[in-house]
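Note on naming: letters A, B, ... go to the chains in the order of the sequence lines (proteins, then strands), and numbering restarts at 1 for each one. Keep in mind that this is a model prediction, so the values were computed, not measured.
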Amino acid sequence: MIQKVRGTRDFFGPEERLFCRIESATGRVFRRYGIQQVRTPIFEEAALFSRSIGEATDIVSKEMYTFADRKGRLLSLRPEGTASVVRFLVEEKIQVTDTLKLFYLGPMFRYERPQAGRYRQFHQFGIEYFGTPTAAADAEVISVGHALLQELGLSGHATLLINSLGCAACRPVFLDHLGVFLKDRAADLCEECRDRIDRNPLRCLDCKRDGCVHAYESSPKISESLCELCRRHDAEVKELLADAGLAFTARDRLVRGLDYYVRTVFEFVTAALGAQDAVIAGGRYDGLVAALGGPDLPAVGFAGGIERLIELMSKLPASSTPGAAGACSASVFFVCAEDRAARRRAFNLAERLRASQISTLLPLSDGKSFKSQFRAADKSGARVVVILGEEEAKTNSVSIKDLSRGEQQTVPESDLIPTLDRMGIPRDA
RNA sequence: GUGGCUAUAGCUCAGCGGCAGAGCACCUGACUGUGGCUCAGGGGGUCGCGGGUUCAAAUCCCGUUAGCCACCCCA
């Protein structure tokens, strides 16, 4: 038996429905903010990702699916969405007059050790705002994330963490201070952190080991070395969020793994998912567009993980995931006699109901008793059963049974659809 | 990439050297045209895969694949 490759998964049943709900929610919420969708390829030249995400990051250095095609071009399956969106923007010379708002949704690929909430093919949606350096843009992006969680009934299950990483002017100063501090205290730190001092000092602050957590209590704070512009920007973002009634926690130690972030970074995290706790995360990346050969456009955005949202929603009470019962929820289920004439009539009537936007199931297999057809109808979750037996055939009528009430009536065939309408059977539900 | 745990029916799991099991689900039936509840019966297994130890392996050992948990990293 061939099984699915490690770290990939199939979505079916309740999980597939949640996937679908999340996709449609992103469309609804993002369009509410005037954000346009862009669908980019899922593979690109490898260099696009190494240049944008950062050569030294884990994603680029060890997690990319990179391969040579038949002409020897080095290609990569995309590990995230932002690089492609920026490439699109630059390549197509998209005019950005005020703010350009884009969103994407689709599969991403990273060669990581799989774990719940972490897959080798996973699905992300994300938004990117280009052309606006203002705190208002940051605040709106964060608010879009919040609105989406709210749309999914998750706003009570996620906390917003926010931080500022400073800019090209003040971050180097901070990194100097931090470097001095870390080298000073190197003896107290775990092996991982000692490795990170030169490679990725910011990450040290996020270490969870007790000794390190303790050591970092006295470390220099980013917030204290922000330049005046960054400080004002950060204060304004927080002010706008507070005005909007959006609760957040300022967390000094929040950092991001991708090189391109500046100033605002944020995460919506949940307590319900274990180690993989971020469901939506993002920040500002003002230098990236220029770094990829485009105009010097400021940008801010986020990405969200669909598998993690599905997992979170699965853990919530069933009330928040309607439509979970029944393998297929058609409104009408046909039960008919064995003879060929009855089957022809059932097939024909079922097609007429479907043409009238009434979802209808028709048993396609032979040799089923009325009893088992009724059982199947019950299990399918259908509202009504339409019966075509010998009696009905003689009088050119149909019997309609309301499964929840147990009431049954026989009407002329021409009255079938009007009767279903009267019973409140929905069209196109 | 590192460490730990796990793999038995469609699902959840018990069995831990001696006949392959339970609950749920599924199918059939309970006065020949009617679901749910109840009752009776039934189908379903390469015990993840490969090797080894043993008279005998689901059970013990080694390997392998996959999943889970933590680290790492991240959505």
Side-chain angles (χ1 to χ4, degrees), chain A residues 1-9 12-13 22 53 57-63 79-82 104-126 145 158 190-193 195-196 199-200 203 206-209 254-258 266-270 273-283 301-312 327 333 335-338 342 367-393 399-408 410:
Chain A
M1 182 185 59
I2 295 175
Q3 46 189 14
K4 62 182 166 298
V5 319
R6 185 164 161 83
T8 65
R9 48 186 292 191
F12 187 66
I22 292 166
I53 301 169
T57 58
D58 281 15
I59 292 180
V60 170
S61 63
K62 50 192 194 201
E63 295 176 2
E80 56 101 50
T82 299
Y104 60 85
L105 185 147
M108 307 291 166
F109 306 84
R110 289 182 202 168
Y111 191 93
E112 296 183 273
R113 181 113 162 208
Q115 194 174 323
R118 194 170 74 178
Y119 303 92
R120 288 184 176 178
Q121 175 176 335
F122 59 105
H123 297 80
Q124 282 186 331
F125 53 80
C190 70
E191 199 177 327
E192 293 279 355
C193 281
D195 279 353
R196 279 188 289 222
R199 192 167 45 91
N200 193 355
R203 267 247 83 86
D206 210 26
C207 185
K208 281 137 200 134
R209 278 178 241 275
L254 179 69
V255 297
R256 315 255 61 238
L258 286 51
F266 65 94
E267 285 184 358
F268 287 91
V269 298
T270 171
L273 291 186
Q276 270 63 48
D277 63 351
V279 290
I280 290 178
F302 68 63
I306 291 182
E307 284 81 357
R308 291 183 186 179
L309 289 170
I310 289 176
E311 204 176 332
L312 183 54
F333 196 103
V335 166
C336 71
E338 263 299 305
K368 295 285 185 192
S369 66
F370 266 58
K371 185 193 258 310
S372 68
Q373 290 185 65
F374 264 87
R375 262 204 281 264
D378 188 52
K379 260 191 317 218
S380 78
R383 294 263 312 272
V384 303
V385 162
V386 175
I387 303 152
L388 299 181
E390 288 163 26
E391 301 300 317
E392 289 82 359
S399 293
I400 302 170
K401 179 164 184 175
D402 183 318
L403 282 179
S404 55
R405 294 163 177 274
E407 290 164 3
Q408 185 169 326
T410 301

Salt bridge (Lys or Arg N to Asp or Glu O under 4.0 Å) against E267(A), all qualifying residues, sequence neighbours excluded: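 So E267(A) forms a salt bridge (Lys or Arg N to Asp or Glu O under 4.0 Å) with R256(A).
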Separation between the [atom1] atoms of [N] and [M], rounded to whole Å:
N: C47(B); M: U28(B); atom1: C1'; result: 29 Å
N: G67(B); M: G48(B); atom1: C1'; result: 11 Å
N: U65(B); M: C73(B); atom1: C1'; result: 24 Å
N: G51(B); M: G41(B); atom1: P; result: 41 Å
N: C69(B); M: G36(B); atom1: P; result: 39 Å
N: U59(B); M: A9(B); atom1: P; result: 15 Å
N: A14(B); M: A56(B); atom1: C1'; result: 23 Å
N: G10(B); M: G52(B); atom1: C1'; result: 33 Å

Separation of [X] atom [atom1] from [N] atom [atom2], in whole Å?
X: K368(A); N: C27(B); atom1: NZ; atom2: C1'; value: 8 Å
X: F12(A); N: G10(B); atom1: CZ; atom2: P; value: 16 Å
X: E267(A); N: A75(B); atom1: CD; atom2: C1'; value: 9 Å

Under 3.5 Å, which protein N or O atoms sit close to an N or O of nucleotides 66-72 of chain B? Give each pair with its distance.
unit_1	atom_1	unit_2	atom_2	d
G67(B)	OP1	G7(A)	N	3.0
G67(B)	OP2	R6(A)	NH1	2.8
C69(B)	OP2	A116(A)	N	2.6
A70(B)	OP1	A275(A)	N	3.4
A70(B)	OP2	Q115(A)	NE2	3.0
C71(B)	N4	R118(A)	NH2	3.1
C72(B)	N3	R118(A)	NH1	2.7
C72(B)	N4	R118(A)	NH1	2.8
C72(B)	N4	Q276(A)	NE2	3.4

Partner nucleotide of [N] by Watson-Crick or wobble geometry (both distances under 3.5 Å):
N: G1(B); result: C71(B)
N: A40(B); result: U28(B)
N: C13(B); result: G21(B)
N: U53(B); result: none
N: A66(B); result: U6(B)

Of D402(A), I400(A), I387(A), the residue whose pairing with Q408(A) passes side chain to side chain contact (heavy atoms under 4.5 Å, CB included):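 Single side chain to side chain contact (heavy atoms under 4.5 Å, CB included) partner of Q408(A) among D402(A), I400(A), I387(A): I387(A).
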S372(A) side-chain N/O to U28(B) phosphate OP1/OP2 under 4.0 Å: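 Answer is yes, contact under 4.0 Å.
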Do [X] and [Y] have side-chain heavy atoms sitting under 4.5 Å apart?
X: P79(A); Y: M108(A); answer: no
X: Y111(A); Y: R120(A); answer: yes
X: D378(A); Y: F333(A); answer: no
X: R308(A); Y: F122(A); answer: no

Sugar-phosphate, base or nothing in reach of A281(A), heavy atoms under 4.0 Å: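 Here A281(A) touches the backbone only, sparing every base.
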Residue that, paired with Y119(A), satisfies side chain to side chain donor-acceptor pair (under 3.5 Å) out of R9(A), E307(A), R6(A):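 Per the side chain to side chain donor-acceptor pair (under 3.5 Å) rule, the option paired with Y119(A) is R9(A), out of R9(A), E307(A), R6(A).
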Per-nucleotide protein contact string for nucleotides 30-39 of chain B (B base, S sugar-phosphate only, - none; heavy atom under 4.0 Å): ---BBBB---
Holding to side-chain hydrogen bond (donor to acceptor under 3.5 Å, both in side chains), I want the full list of residues that pass it with [X], two or more places apart in sequence or in another chain.
X: S61(A); value: none
X: T8(A); value: none
X: Q276(A); value: Q115(A)

Residue whose nearest RNA chain B nucleotide is more 5′ - Y111(A) or G304(A):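 The answer here is Y111(A).
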